[in-house]
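In what follows, every chain begins at residue 1, and chains take the letters A, B, ... in the order their sequences are listed.
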There are 2 protein chains.
Amino acid sequence: MIEKERVTISDIARLAGVGKSTVSRYLNDGSVSPKTRAKLDAVVKEYDYEPNRFAQSLKKTTSGMIGVVVPTFASFSLTEMMRGMDHVNQDDFFLTINTYHDAKRQVEAVKQLAQQNVDGIIVMTGQVTDEMTAALEQVSVPVIVQGQPSTQFETVNVDNQHAGELLLPLIADGEPSDVLLLGVDPSVDYNVGQVRFDAIIKALDGKMKRVYTSFERNETIEVMRDYLATHELPKYIIAATDIIALGALAAVQEQGFNVPDDVKIVAFDNSPAAEIVTPALTTVGFDYFVLGQWLYRRLKDLSQAEPVLHDPMLAGSLVRRTSW
Amino acid sequence: MIEKERVTISDIARLAGVGKSTVSRYLNDGSVSPKTRAKLDAVVKEYDYEPNRFAQSLKKTTSGMIGVVVPTFASFSLTEMMRGMDHVNQDDFFLTINTYHDAKRQVEAVKQLAQQNVDGIIVMTGQVTDEMTAALEQVSVPVIVQGQPSTQFETVNVDNQHAGELLLPLIADGEPSDVLLLGVDPSVDYNVGQVRFDAIIKALDGKMKRVYTSFERNETIEVMRDYLATHELPKYIIAATDIIALGALAAVQEQGFNVPDDVKIVAFDNSPAAEIVTPALTTVGFDYFVLGQWLYRRLKDLSQAEPVLHDPMLAGSLVRRTSW
DNA sequence: TTGTAAGCGTTATCAC
DNA sequence: GTGATAACGCTTACAA
């Protein structure tokens, strides 16, 4: 860590024997004579000049930073979306805030990002509370919400409705009462807790069983233990996420049941975990890498151009393995 | 998204009928009379004033941002460390750059962060290349390296040497030739690829088998397939990470072998994946959440105070499950 | 093409 | 305790 005092645009100007604005032009538009350009090339290289971002941003009122609010880092869909965003990123920095699934921290995050003068905000969330809506309305830069439908804000989502329809053939022969829907409270995550099941609920005329748990595997194990202690083993378990399915799997296996012979399990997400358990999970996969690319591109679009017609939805597909 | 033109410190001053510097003092030190304070309280609240960070940073030459260079987001240790950092974070923002295990991007990331005027940089890496060293030397803010030993830079690490010693009792009775070390090339990650095995190699006098793979489960499956096609099944497999162990597990199971009866497997990290596979993995766990806290605290220390004596190391512990 | 000068929104100095 | 005034490093009219 070497102390090197910063060389400024004035220094460069003086050293090159030109004016500040010439240096500025040299760095930006580029309307300079070949002669001065050459001189500046040399000086800038020699002194390893880097413009001060704060000064630049103070003038330009744009920061080159995009705020990202995420509910957790420990999630396949999240890391894939971020990878997608990185993949198409031009030269923005991502200022990411992890809210740990906390609605209050989520609101705080938006306010903090706004104060940091980010050029746009991407919010990944299961829940857009009223406070959140209020906070997002205050923001003066483009905002995209991922994870929930919204009429107020731009959204980019996977098509959860369609994903649920993909499972219809699987339960075509079964009795509604054979089916257990294992998900989260819709008020916590409407897309995951409700929309993924909509088609199934409609097909079964609401006559299936339904249990709520959290996104955690361990908690789901508890929930399923309790359920199995007081109910018959269902023939089919449809879990809202792979992780939830993992909990159900562990719970039924510890009771000595066989999957898929005694009970079949299907889930959503197609995360790596689905492949490593025994039996491997049949699950509806989404290309979150592509979704991440959409997110970034959409945000950049909003920063510049005309409003777009409607919010894009990414279709998933059923990946058949051995759990169903 | 409502357009609200920013209200500046001058606006507040004018509206409150005081000078700019009084407002500034009000916002910072606080040496103002009760009367003006009350007036400013009101005005600031009414107009919802927020200071412009760019202007502040331009003056103060500090940004409130900490740069974090990570090799991937899709890793338990990484997400836990970030959680630890968040947990003790005072009010810094993390500007995180994912390098996707690419040494070149890693160097780029450091340079970019330096240009962003971050107040410090935390580098998580398996590999400190010469270019990386050069880049880090250019940086004028505190730097901490996590993941590799270093004599030049401050480090905060788990104690990989000690972690390897923890496995010595497991192989005390075995023949050296029964043991397969399954890891990564030390030049790719010295700590994970070499130091974790040091104690074992010494104890076995270098007479065990050793195979290199990558950090990927799928690639490890391939590597192990090839290995098993040309070698006898080892009695013991010691994998450098849980994910690598997962690959080995899948490869031996697809050959019909039983774990732990035919071959025992142990690994390092104690990630959630270790719990969900069958059989569950015996593995050396580290408290990466605590390590993350250390990282942040250490960086803040370096920003202010005296140099510290030596770089801290966090001990791991053996978590026994059924794979060994 | 070039340079001068006036800001951008803060903080810091220093008389009052 | 207060308020001009001068920076901080850059961009951008505007004149030359």
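Taking only side-chain nitrogens and oxygens, B/T36 comes nearer than 4.0 Å to OP1 or OP2 of D/dT2. Not one side-chain nitrogen or oxygen of B/S24 sits closer than 4.0 Å to the OP1 or OP2 atom of C/dT10. Contact annotation: B/N52 does not reach the phosphate of C/dC8 (side-chain N/O to OP1 or OP2, under 4.0 Å). At least one side-chain nitrogen or oxygen of B/S33 sits closer than 4.0 Å to the OP1 or OP2 atom of D/dT2. Residue A/Y26 places no side-chain N or O under 4.0 Å from the OP1 or OP2 atom of C/dG3. In this structure, B/Q56 does not reach the C/dG9 phosphate: none of its side-chain N or O atoms is under 4.0 Å from OP1 or OP2.
The distance between atom CG of B/L27 and atom P of C/dT11, rounded to the nearest whole Å, is 7 Å. In this structure, CG of B/N117 is placed 10 Å from P of D/dC10, rounded to the nearest angstrom. In this structure, NZ of A/K60 is placed 16 Å from P of C/dG9, rounded to the nearest angstrom. If you measure from atom NZ of A/K20 to atom P of C/dG7, you get 14 Å, rounded to the nearest angstrom. Residue B/I9 contributes atom CD1, which lies 11 Å from atom P of C/dA12 at whole-angstrom precision. Counting to the nearest Å, the P atom of D/dT2 and the CZ atom of B/R14 are 19 Å from each other. If you take CZ of A/R53 and P of C/dG9, they are 20 Å apart, rounded to a whole angstrom. Atom CZ in A/F54 sits roughly 17 Å away from atom C1' in D/dA7 (whole-Å rounding).
Note: A/H101 and A/F215 have parallel aromatic rings, judged against thresholds of 30 and 60 degrees for the angle between ring planes.
Counting heavy atoms of neighbouring residues, nucleotides and ligands inside a 6.0 Å radius, atom CD of A/E216 does not exceed 12 of them.
A/S10 contributes no side-chain N or O that forms a donor-acceptor pair with the base of D/dG9 under 3.5 Å. In terms of polar N and O atoms assigned as donor or acceptor, the side chain of A/T8 never comes within less than 3.5 Å of the base of D/dG9 in a complementary pairing.
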Under the ring-ring contact (aromatic ring centres under 6.0 Å, His included) rule, what do A/F73 and B/F73 come out as? Steps first, then yes or no, please.
-> CA-CA 7 Å; A/F73 278 134; B/F73 279 134; 5.4 Å; yes

Evaluation steps, ring-ring contact (aromatic ring centres under 6.0 Å, His included), between B/Y49 and B/Y47 | CA-CA 5 Å; B/Y49 168 74; B/Y47 290 86; over 10 Å; no

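DNA chain D is contacted by both B/G17 and B/K59; B/G17 maps to the nucleotide lying nearer its 5′ end (nearest heavy atom per residue).
Under 4.0 Å is where a charged nitrogen must lie from a carboxylate oxygen, and between B/R83 and B/E80 at least one such pair does.
Among the atoms of the strands shown, base atoms are found under 4.0 Å from some heavy atom of A/R25. Nucleic acid contact for B/S21: base, since at least one base atom lies under 4.0 Å from a heavy atom of the residue.
Taking every side-chain heavy atom of B/L58 into account, D/dG9 is the closest of C/dT10, D/dT2, D/dG9.
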